[in-house]
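Here is how names work: the chains are called A, B, and so on, in the same order as the sequence lines, proteins then strands, and each is numbered from 1.
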Number of protein chains: 6
Amino acid sequence: MRKLLKGVHQFQTHYFSTHREMFEQLSQGQHPRMLFITCSDSRVDPNLITQTEPGELFIIRNVGNIIPPYGALKSGEGAAIEYAIEALGVKHIIVCGHSHCGAIKGLLQLGNLTEQMPLVYDWLKYAEATRRIIKEHYKDYEGEALLNAAIEENVLTQLENLRTYPAVHSKLYSRELDLHAWVYKIETGGVFVYSAERCSIQSKHDLDESDEREEPAPTHYSVNSNGKTYV
Amino acid sequence: MRKLLKGVHQFQTHYFSTHREMFEQLSQGQHPRMLFITCSDSRVDPNLITQTEPGELFIIRNVGNIIPPYGALKSGEGAAIEYAIEALGVKHIIVCGHSHCGAIKGLLQLGNLTEQMPLVYDWLKYAEATRRIIKEHYKDYEGEALLNAAIEENVLTQLENLRTYPAVHSKLYSRELDLHAWVYKIETGGVFVYSAERCSIQSKHDLDESDEREEPAPTHYSVNSNGKTYV
Amino acid sequence: MRKLLKGVHQFQTHYFSTHREMFEQLSQGQHPRMLFITCSDSRVDPNLITQTEPGELFIIRNVGNIIPPYGALKSGEGAAIEYAIEALGVKHIIVCGHSHCGAIKGLLQLGNLTEQMPLVYDWLKYAEATRRIIKEHYKDYEGEALLNAAIEENVLTQLENLRTYPAVHSKLYSRELDLHAWVYKIETGGVFVYSAERCSIQSKHDLDESDEREEPAPTHYSVNSNGKTYV
Amino acid sequence: MRKLLKGVHQFQTHYFSTHREMFEQLSQGQHPRMLFITCSDSRVDPNLITQTEPGELFIIRNVGNIIPPYGALKSGEGAAIEYAIEALGVKHIIVCGHSHCGAIKGLLQLGNLTEQMPLVYDWLKYAEATRRIIKEHYKDYEGEALLNAAIEENVLTQLENLRTYPAVHSKLYSRELDLHAWVYKIETGGVFVYSAERCSIQSKHDLDESDEREEPAPTHYSVNSNGKTYV
Amino acid sequence: MRKLLKGVHQFQTHYFSTHREMFEQLSQGQHPRMLFITCSDSRVDPNLITQTEPGELFIIRNVGNIIPPYGALKSGEGAAIEYAIEALGVKHIIVCGHSHCGAIKGLLQLGNLTEQMPLVYDWLKYAEATRRIIKEHYKDYEGEALLNAAIEENVLTQLENLRTYPAVHSKLYSRELDLHAWVYKIETGGVFVYSAERCSIQSKHDLDESDEREEPAPTHYSVNSNGKTYV
Amino acid sequence: MRKLLKGVHQFQTHYFSTHREMFEQLSQGQHPRMLFITCSDSRVDPNLITQTEPGELFIIRNVGNIIPPYGALKSGEGAAIEYAIEALGVKHIIVCGHSHCGAIKGLLQLGNLTEQMPLVYDWLKYAEATRRIIKEHYKDYEGEALLNAAIEENVLTQLENLRTYPAVHSKLYSRELDLHAWVYKIETGGVFVYSAERCSIQSKHDLDESDEREEPAPTHYSVNSNGKTYV
């Protein structure tokens, strides 16, 4: 704790004193354009990764960047989504997973959690659709490849859940809102970006196979450490 | 979105490339000592305020830094608390409110939300104890003073809710965990710190041993912008 | 009741005795290819409309052909979806609304229900996304046009909810399942068919405007009483 | 699907065109006298079995013709019961089970479902009273006899659950509503009818008036394929 | 509190010391034959009214002697019913209301509670069937007569709810359990007793055997202050 | 039952007739000062133990004297707490456990309950914090000592849960309410009293005023069978 309080002091002496005006303005109100949903994992810092400043990202953080579908009463996630859209008018929602995610590791060996971490076990039910896809369609994957596939599928699962919220549903209808699925790689600093705002379930894996189809593929960017953005 | 992707690029070119080793090490695992619970508000950046780096804070962010008591099934908050204690072994939990909190403003005029933001309304039920205290014991407050009182009371309400979690309860018993209530002032960069960690469960067993101790009074620090910490 | 018992007798004397073999075979097991979800309304008879025989349609009927999203614990709808896919291997799910739907009428004047029909009121929460779209994007509609728009939007809302079920999600991934949105017009016998299995939210209204876009329009058939099927 | 669309066409060409007037009248409103609750099973067609026409039966269909007791929030079954009584004024509710019911088979080997069909497993909790009776009082039954006993007990269990709904409770009080338990035999076309409508709530008020009545014993009909109705 | 502690002392000095043997025996285990469900009201003392000693009545006390139907997850009432039947083997369940019941008063003017006592309001939903009967069938009652009617109807409503518990359902089937509805009059010491134990589940199996029995009419005793028991 | 009805008669003839005036007065209204929460166990009689008369104790009785935290919707316990504080203005809440408690025995061998008593199993989740403390911090206890430790810890766990109720929280703030943890020993008539009422919420506001007070240490009385009260 001592270190943390020292950090607060340091923040005040340096960062705050050189950004005093910005903070005074922010104290009048917030106008973020983005709702950024990511994991509680200590290694993920959304403002750092996106080089954004206070006031730019409205943020939900929970175990596994999971969004329970609308109808699970009184979830904090639902309240944040509604507030972001109705009160703040955000135009983008980003669900950002990350490599080496402990929650998704847990999802792949769910049985172990029942006794040790029953609340985590319960929570991961909202990623059950991810688990099912992995179990049924990634039978030949294992180890890190399996984990990565699950992490990627999970951000797409959570986009599906997002769509069930009335506020999201209505803004998608009028194209005032875009949904984005990201995966952040801790070890490379890379961010894989899936643009899924037009279409529903289309995993990366799936798209690779669909080259010949006339079906328009959801675009799939990757922003890596040498800064290229490519499909 | 273009700006955000640019930010990611910038992060990779600058911050990541100068911290590559740290990130590689982090990709092996996380070992945060703190669970930091704060608001989704875009103006609050926990890592910035505490000058911490990736890997140091396990973070929950939701509307109003609210913790539903144990027993509200399948909440993401419960899962994160359990994971932080059982899987990561954190030693401190900080509930950090902030000035100008929109959620607490909503709490003070709850009726308005039913039609406009029903999910926020439902969620704020978990801050009902805050609302009740304000309504019954702060009758002569108004405006910003009222809002500030509610923000302060709310972090203490949420500490009470935290205590109902089995994992928290058990670690408090053996004094392996401390709970902290903070309020961050956006306009001054100040952080008010309430230490309430001593005052929770006192079993008979425990009391027997405590004869010689002087009972430690709940301390009350304030870390403000000129860096002083005082009671 | 007397009439009903007479009907049973009549069924036995006529229909059953001429189809005895079919029923004996059916008593060995069912192999429907379709899950048909429609309203409890007495005027809708799914087997009549589709001229199907016993054994062909697995059927859910409730007020407003509504599917609560996955995560609303223990709903009969979730059980039926899971059973249809996992135990019976159905290949198609049809959500079929109908004209003059009392549930949707109720949805458009929701406040009136709280005292008179609180359980219907609660249930209609799962059509809240429909209500929101109508409220925000159909402001210039009224009367029957408004009701029809809501009925149409609702079948699309329910498709979104369907997608959140793990079993649905996984079968959509491997393209082993198709989802269909229908509206049946009682007064004309017409059935409007929306094929939405590839893409998510695209209302009919929306599609009309999208002529110039290169975005591929979800196909929109209409099967009317002179038997034409057209886009 | 092609077959289904063809069926729709056929319906329009034949049935609809010869019943146009009926459908036009129905489009003005529905006035069913019965709420018919049966299984989603594809082999059960309530309108066929009872030889009723569109407009006569308000229908709930779910897995196992199960009615969660009042108080399980937001169930579609509760909404349909309330709507049928309050908005439509039905006078009879029939719970109709059927032979070879897969849901009841599942109930008798419940453990197998937890992993394979967790939502069905959860749903069957509302038939737990059936399972308990079978387990405790039908120890010497097995095979088909056991299944049949469970199917029969289950319709009676569900009648009990029905009685907990305020609307049902109140209409039973004033004898404006009758409850019926049926079992339909797929292989014989027979329908077993249990009339249990007299035996529910007996208030003091009610009893005072009943001095002169001879208490009507619950009657027990069976309508079988040679059309006899006997006790 | 001082008074209460004094009472404890007095209990120890007098009652306990003259009943030491009984308490020592009780500490070996409890064998009550009755589950007694009554109101939290301070004026009702079940052991006093029935002149029973420690060990004779297993007791549930809550606001309004209400039993949520089976399926309302994790209620204390359900746990107590199950424990009483399965672990203790009780043979009788008595639901005992009382005159001047504040909970039932609240039920008759429900709207007033939403703001003042929202938890009481929520809880009274499980007496909604009582409220509905009163509203629809006691229109010409008012004042104390209305309250008394509601109190009486409510014990019968709660019997209905009791029947939905699997353990109750199964023991009623085999006639190993009787249900009783009582109302205790504070001002006269009278107890009105309704015997409703015959009228519950009637399976086909059961009916077959009952041909010879004359159906026993629900009896209706009243035990009043001059000690007469009459029908 | 005959014995019980005889008891009622006896109550009327003796106790009631000698306390007629008291009962008439009570019929005007109740004014208890205490909410007494104890187990359903037949061996515990709160009025006997405390030598209180009708009108003195408002009483909750359930399996294991458990209080679900605020937020578990519609619990009878929450309703009783709210009613006791808001409608009756009680000044003390006593949670009273007892020796040889079957519920706590069940808690220590939880797995056995899942099949035999699933509702008891579910209910004991609200004592999970007790189970966790016992499991982690009483590893060297066994048999009766273990059971006693669990019984004692459990009353303290339940006090924590109590604190989450808005009405409790607010009255604790203004020191208008005290919470007490008791354990009653059936075999000795002894009552162990833990006073934990001082140690709850401490707002900043509150702390400012408390500079001069010496912080009152949680006191720990024991009232045993020779009537001594000591710290």
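- Neither the backbone nor the side chain of F:P46 comes within contact range of chain E, judged by heavy atoms closer than 4.5 Å.
- Chosen from E:I49, E:L4, E:I85, the residue pairing most often with chain F at heavy-atom distances under 4.5 Å is E:I49.
- Heavy-atom distances place the side chain of F:K125, and not its backbone, under 4.5 Å from chain E.
- Only the side chain of F:Y15 comes within contact range of chain E, judged by heavy atoms closer than 4.5 Å.
- Of the possible donor and acceptor atoms, none in the side chain of E:R61 sits under 3.5 Å from a partner among the backbone N and O of F:R61.
- Every residue was checked against the ring-ring contact (aromatic ring centres under 6.0 Å, His included) condition with F:Y184, not counting sequence neighbours, and none meets it.
- Here E:I59 is the residue among E:I59, E:V120, E:V63, E:I186 with the most heavy-atom pairs under 4.5 Å with chain F.
- Residues passing the ring-ring contact (aromatic ring centres under 6.0 Å, His included) test with F:Y121, sequence neighbours excluded: none.
- To the nearest 0.5 Å, atom CD of residue E:Q25 and atom CZ of residue F:R43 are 12.0 Å apart.
- Between E:T188 and F:F23 there is no side-chain heavy-atom pair separated by less than 4.5 Å.
- Two residues are said to be in side-chain contact when any heavy atoms from C-beta on lie closer than 4.5 Å; E:Y165 and F:L119 meet this criterion.
- No option in E:I60, E:I81, E:L88, E:L57 other than E:I60 meets the side chain to side chain contact (heavy atoms under 4.5 Å, CB included) test with F:S40.
- In terms of heavy-atom pairs under 4.5 angstrom with chain E, the leader among F:P32, F:P166, F:S17 is F:P32.
- With a 4.5 Å cut-off on non-hydrogen atoms, F:A87 touches chain E through its backbone and its side chain both.
- Per-residue heavy-atom pair counts under 4.5 Å with chain E were compared for F:Q10, F:M22, F:M1, and the maximum is reached by F:M1.
- By the 6.0 Å contact criterion, CD on E:E144 is open, its count of non-hydrogen atoms from other residues, nucleotides or ligands being 12 or less.
- For the set E:Q116, E:E187, E:E82, E:Q51, the entry with the most heavy-atom pairs within less than 4.5 Å of chain F is E:E82.
- Within 6.0 Å of NZ on F:K6 lie no more than 12 heavy atoms contributed by other residues, nucleotides or ligands.
- Residue contact with chain E, scored on non-hydrogen atoms closer than 4.5 Å, involves the side chain of F:E77 exclusively.
- The candidate from F:T52, F:L48, F:I66 with the greatest count of non-hydrogen atom pairs under 4.5 Å with chain E is F:L48.
- When side chains are defined from C-beta on, F:K3 counts as touching E:E56, because their heavy atoms get closer than 4.5 Å.
- Using a 4.5 Å cut-off between heavy atoms, F:T50 touches chain E through backbone and side chain atoms alike.
- With respect to chain F, the highest number of heavy-atom pairs below 4.5 Å among E:N62, E:N47, E:L124, E:I37 belongs to E:N47.
- Side-chain contact of E:Q30 with F:D41: a donor-acceptor pair under 3.5 Å is present, judged by distance alone.
- Put simply, of F:E86, F:H31, F:M117, F:E24, the one with the most heavy-atom pairs under 4.5 Å next to chain E is F:M117.
- Looking only at heavy-atom pairs under 4.5 Å with chain F, the residue among E:P54, E:G7, E:S42 that has the most is E:S42.
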